[in-house]
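None of the values given here were measured: they were computed from a predicted structure. Index from 1, following the sequence. Remember, it's 1-based here, ligands and their atoms both numbered in the order they're listed.
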Amino acid sequence: MTNKIDYLNGRHYVAGHRGMVGAALHRALINRGATQLPTRTSAELDLRDAAAVRMFFETERPDYVYLAAAKVGGIWANMSYPASFIYDNLQIQSNVIEAAREFGVRKLLFLGSSCIYPKLAPQPLKEEYLMTGPLEPSNEPYAMAKLAGMSLIRAYRKQYGCDFISVLPCNLYGPGDNYHPQQSHVMAALLRKFTEAVQQGRTEVEVWGSGSPLREFMHCDDLASACLFLMENYSSEDPVNIGTGTEISIKDLALSIAQATGFKGNLKFNPDYPDGTPRKVMDSSKLLSYGWAPSISLTKGLNSTLISLPGFD
Ligand code: GDP
């Protein structure tokens, strides 16, 4: 287990600190009292460049690393840019993990995703169901990269004795999400669509697919809290699911967002867009058994995220 005092006094590098998850980790560390947090924006440090990453680690010497940098996006983005989703993520994670080994990082946390489970795995998804069947085709390249990242974590533990761990979050949302109309995930996309519809007095909002897929949503501040908990209390090659255990259909999510935004018009489901995987709810009993539990309900998280929405052009 990680020594608490040493941990908070250490140097923490959150790779991807300007993304939603990285920013939540950064906030959580500062709230907990960490003061040494070297950062680089993607303009300052291209994590796909191995030499640049190595130089950064040599200069900043982080003790604890949170690998939240990744090319991410919703179902449309994954289907439109499959090569970038696998190439960028393979490069980023390989470079950061190798540099962390070379420069003696004390502990590293790698963020995987619930989308790496087989498309038709039994539900709720238990960690042991990984790699037992074919992946959902819409995000297979992204999932392959994340599976490779978890394999790197296991291999570096085994060969070098590095204290590196992997976590698998469910669908995430919160402040700082990507609100791009096409490339975002469903929560951000619908928050934007309904807010704009109300502002512009429109009477219809398009929801992709059938509305029947089931998803599990967690606020990014709960995820950050779970990650810090695991950094202090967990050390194993086995990945840990991080979810709320509560699922909601896309239709019900859309209705909740309609209500929260005050939208009174109609939902138009567009079957020309794919549903993706029919259901992905995770079994998070392992994490719960260690003594961590989420604290932000979907209603509370949705309302606070709504208040924090940026202006849209
Ligand atoms: P996924 O969880 O990997 O499938 O990624 P998404 O968050 O992009 O999509 C989740 C589900 O929401 C899929 O069934 C989408 O078809 C559906 N969905 C409905 N409306 C939208 C939308 O406006 N944007 C996105 N990204 N998904 C939507």
Side-chain angles (χ1 to χ4, degrees), residues 19-21 70-82 84-86 89 111-121 123-125 134-147 168-174 177-198 202 204-220 223 241-244 246-258 260-261 263 265-282 298 301-302 305 309 312:
M20 175 179 71
V21 170
K71 179 159 182 69
V72 295
I75 194 164
W76 185 88
N78 270 273
M79 293 172 77
S80 306
Y81 309 108
S84 307
F85 274 86
I86 187 163
N89 288 321
L111 279 139
S113 161
S114 61
C115 74
I116 71 176
Y117 279 99
K119 177 180 173 120
L120 299 177
Q123 310 264 337
L125 301 160
L135 297 165
E136 152 64 30
S138 60
N139 55 21
E140 191 214 275
Y142 174 78
M144 280 289 185
K146 290 288 180 185
L147 284 166
L168 303 174
C170 63
N171 285 40
L172 301 167
Y173 70 97
D177 207 344
N178 164 15
Y179 290 96
H180 188 281
Q182 289 285 328
Q183 296 184 27
S184 56
H185 286 101
V186 62
M187 179 72 89
L190 295 184
L191 284 168
R192 177 173 184 160
K193 284 186 196 177
F194 283 102
T195 302
E196 287 187 327
V198 171
R202 282 190 279 111
E204 192 169 83
V205 163
E206 182 185 80
V207 181
W208 296 354
S210 65
S212 65
L214 294 161
R215 295 288 184 273
E216 178 184 10
F217 294 95
M218 178 178 271
H219 191 279
C220 59
L223 172 73
N241 285 343
I242 304 180
T244 61
T246 308
E247 54 185 341
I248 182 169
S249 71
I250 298 302
K251 181 179 177 189
D252 285 344
L253 177 72
L255 290 170
S256 304
I257 296 177
T261 53
F263 176 76
N266 301 319
L267 309 187
K268 185 181 166 224
F269 291 94
N270 185 346
D272 293 341
Y273 283 96
D275 272 346
T277 200
R279 189 178 178 209
K280 48 175 175 178
V281 62
M282 297 201 301
L298 185 58
L302 208 150
T305 306
L309 287 189
F312 302 121

**OP:** Taking only Lys NZ, Arg NE, NH1 and NH2, and the carboxylate oxygens of Asp or Glu, determine whether Arg279 and Glu247 approach each other closer than 4.0 Å.
**Re:**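 A salt bridge links Arg279 with Glu247.
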
Subject >> Any side-chain donor near an acceptor of the partner, Asn78 and Ser138, under 3.5 Å >> reply: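 Their side chains do not contain a donor-acceptor pair, so the 3.5 Å distance test is not met.
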
Original post:
Is it the case that Glu204 and Asn266 place a side-chain donor and acceptor less than 3.5 Å from each other?
Top reply: no

Dump all N/O pairs between ligand 1 and the protein below 3.5 Å as a table: atom names plus distance, one pair per row.
from, atom 1, to, atom 2, distance (Å)
ligand 1, 2 (O), Asn171, ND2, 3.1
ligand 1, 2 (O), Arg215, NE, 2.8
ligand 1, 2 (O), Lys280, NZ, 3.3
ligand 1, 3 (O), Lys280, NZ, 3.4
ligand 1, 4 (O), Arg215, NH2, 2.9
ligand 1, 7 (O), Val186, N, 2.9
ligand 1, 8 (O), Ile75, N, 2.8
ligand 1, 14 (O), Asp275, O, 2.6
ligand 1, 16 (O), Pro274, O, 2.7
ligand 1, 20 (N), Trp208, N, 2.9
ligand 1, 23 (O), Lys193, NZ, 2.7
ligand 1, 26 (N), Ser184, O, 2.9

**OP:** Please state whether the rings of Trp76 and Tyr81 are parallel, tilted or perpendicular, taking 30° and 60° as the class boundaries.
**Re:**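 Correct class here is perpendicular.
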
Subject >> Ring centres under 6.0 angstrom apart (Tyr173, His219) >> reply: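 Ring centroids of Tyr173 and His219 are less than 6.0 Å from each other.
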
**OP:** Please examine the side chains of Leu214 and Lys280, heavy atoms only from C-beta on, and report whether any two atoms are closer than 4.5 Å.
**Re:** no

